[in-house]
Peer 1: 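Below is the structure I would like to discuss, written out as structure tokens.
Keep in mind that this is a model prediction, so the values were computed, not measured. For ligands, and for the atoms within them, numbers begin at 1 and follow the listed sequence.
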Amino acid sequence: MKILIAEYAGFCFGVKRAIETAYYEIEKNSGRKIYMLGEIIHNPQVISDLSKKGVNIIEEEELDKLTEGDKLIIRSHGVSKKLYDFLAKKGIEVIDVTCPFVKKVQDIVYEHYHKGYSIIIVGDRNHPEVRGVNGWCDDTAYVVNSIEEAHKLPKLEKACAVAQTTLIGRYWEDILEVIKLKVKDLVFFNTICDATQKRQGSAEQLSKKVDVMFVIGGKHSSNTQKLKKICEKNCKNTFHIEDAKELTLEMVKDREIIGITAGASTPDYVIEEVIKKIRFLKGEKEEE
Ligand code: SF4
């Protein structure tokens with residue numbers, strides 16, 4: 001039995017930075033309340049540890065509850081301009097861990113919107129990153145997530161298209177072809193982040209060589225769901241699991257080459273526990 005791990009798997013730079021900042025804030029905090037706006041990462045283990053240490057989740061519609069001096073962590077997905085203004089007015093200390101790659105998308109949108117371009121975001125309209133980016137053009141963006149939706153765009157004079165950072169590269173290219181037919185003067189920026197491209201590329205390569213593929217990550221993690229989609233094209237035995245507890249003998253029985261990849265919010269220790277459990281199920285090692 002062989003276990004192969006994708007060359008790029010697990011925590012990306014943006015998520016690592018967000019988590020380290022959260023723990024740093026806990027350590028240096030002098031009794032002030034710390035909140036995170038939504039889950040800082042889509043990983044239940046990390047979220048539960050943070051809340052044990054006093055960092056509570058707050059949702060956007062509850063922000064009125066915050067009082068002056070409270071601290072609020074803005075996660076790597078980023079937020080709208082309106083929200084920053086609201087927090088400043090309320091005297092909330094913002095710990096901003098918006099990923100620089102997301103910030104770049106917000107800046108492109110803000111700049112082009114103010115130059116008179118319509119904005120097109122290719123991505124999931126319900127994803128917090130996309131909602132945040134849309135907030136940099138006063139929520140006026142056309143958000144398209146499929147070729148069909150792109151066909152429904154109106155004819156536009158002048159538009160700027162950007163991608164959700166975790167979009168599958170091929171989707172961007174296909175959807176962009178349709179957008180080009182709809183816009184007279186189009187500027188476009190492939191804003192899919194490097195970490196996403198590397199994770200998707202290495203997961204795709206690995207899934208071609210294995211008998212079973214495990215994609216580890218939170219069930220709500222958009223980048224993990226996309227890794228699963230990519231892998232199952234090459235390997236029909238692809239499983240999306242959150243942690244080692246979900247592994248069963250059935251999944252690994254009669255499989256000799258086992259592949260593993262993990263979403264950008266998956267800590268290394270979760271990957272290691274999955275490897276240990278596979279070895280245990282295959283009779284190679286005692287479970288600790
Ligand atoms: S996936 Fe990319 S854009 Fe998203 S947090 Fe990680 S590095 Fe940043």
Peer 1: Report yes or no: does Arg17 contribute a side-chain atom to a donor-acceptor pair with the main-chain N or O of Phe13 at less than 3.5 Å?
Peer 2: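 No, because the side chain of Arg17 does not come within donor-acceptor range (under 3.5 Å) of the backbone of Phe13.
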Peer 1: List in chain and number order the residues that pass ring-ring contact (aromatic ring centres under 6.0 Å, His included) with Tyr117, two or more places apart in sequence or in another chain; answer none if no residue qualifies.
Peer 2: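 Result, ring-ring contact (aromatic ring centres under 6.0 Å, His included) vs Tyr117: His112.
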Peer 1: Side-chain polar contacts of residues 91-104 - donor-acceptor pairs under 3.5 angstrom, sequence neighbours left out - could you list them?
Peer 2:
unit_1	atom_1	unit_2	atom_2	d
Glu93	OE1	Arg32	NH1	3.3
Glu93	OE1	Arg32	NH2	2.6
Asp96	OD1	Tyr84	OH	3.4
Asp96	OD1	Thr98	N	3.0
Asp96	OD1	Thr98	OG1	2.5
Asp96	OD2	Tyr84	OH	2.7
Thr98	OG1	Tyr84	OH	3.4
Lys103	NZ	Gln106	OE1	3.3
Lys103	NZ	Asp107	OD1	3.3

Peer 1: Any salt bridge linking Asp194 with Lys198? Criterion: basic side-chain nitrogen under 4.0 Å from a carboxylate oxygen.
Peer 2: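 Yes.
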Peer 1: Which pairs, with at least one residue in residues 206-249 and sequence neighbours excluded, count as a ring pair (Phe, Tyr, Trp, His ring centres under 6.0 Å)?
Peer 2: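 For residues 206-249, and leaving out neighbouring residues, the ring pair (Phe, Tyr, Trp, His ring centres under 6.0 Å) pairs sorted by first residue read Phe214-Phe239.
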Peer 1: For atom 8 (Fe) of ligand 1, report each protein N, O or S atom nearer than 2.8 Å, sorted by chain and then by residue number.
Peer 2: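 The answer is Cys99 SG.
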Peer 1: After noting the C-alpha distance and the side-chain angles of Asn234 and Ser207, does the key distance pass the side chain to side chain donor-acceptor pair (under 3.5 Å) rule?
Peer 2: CA-CA 6 Å; Asn234 302 317; Ser207 62; 2.9 Å; yes
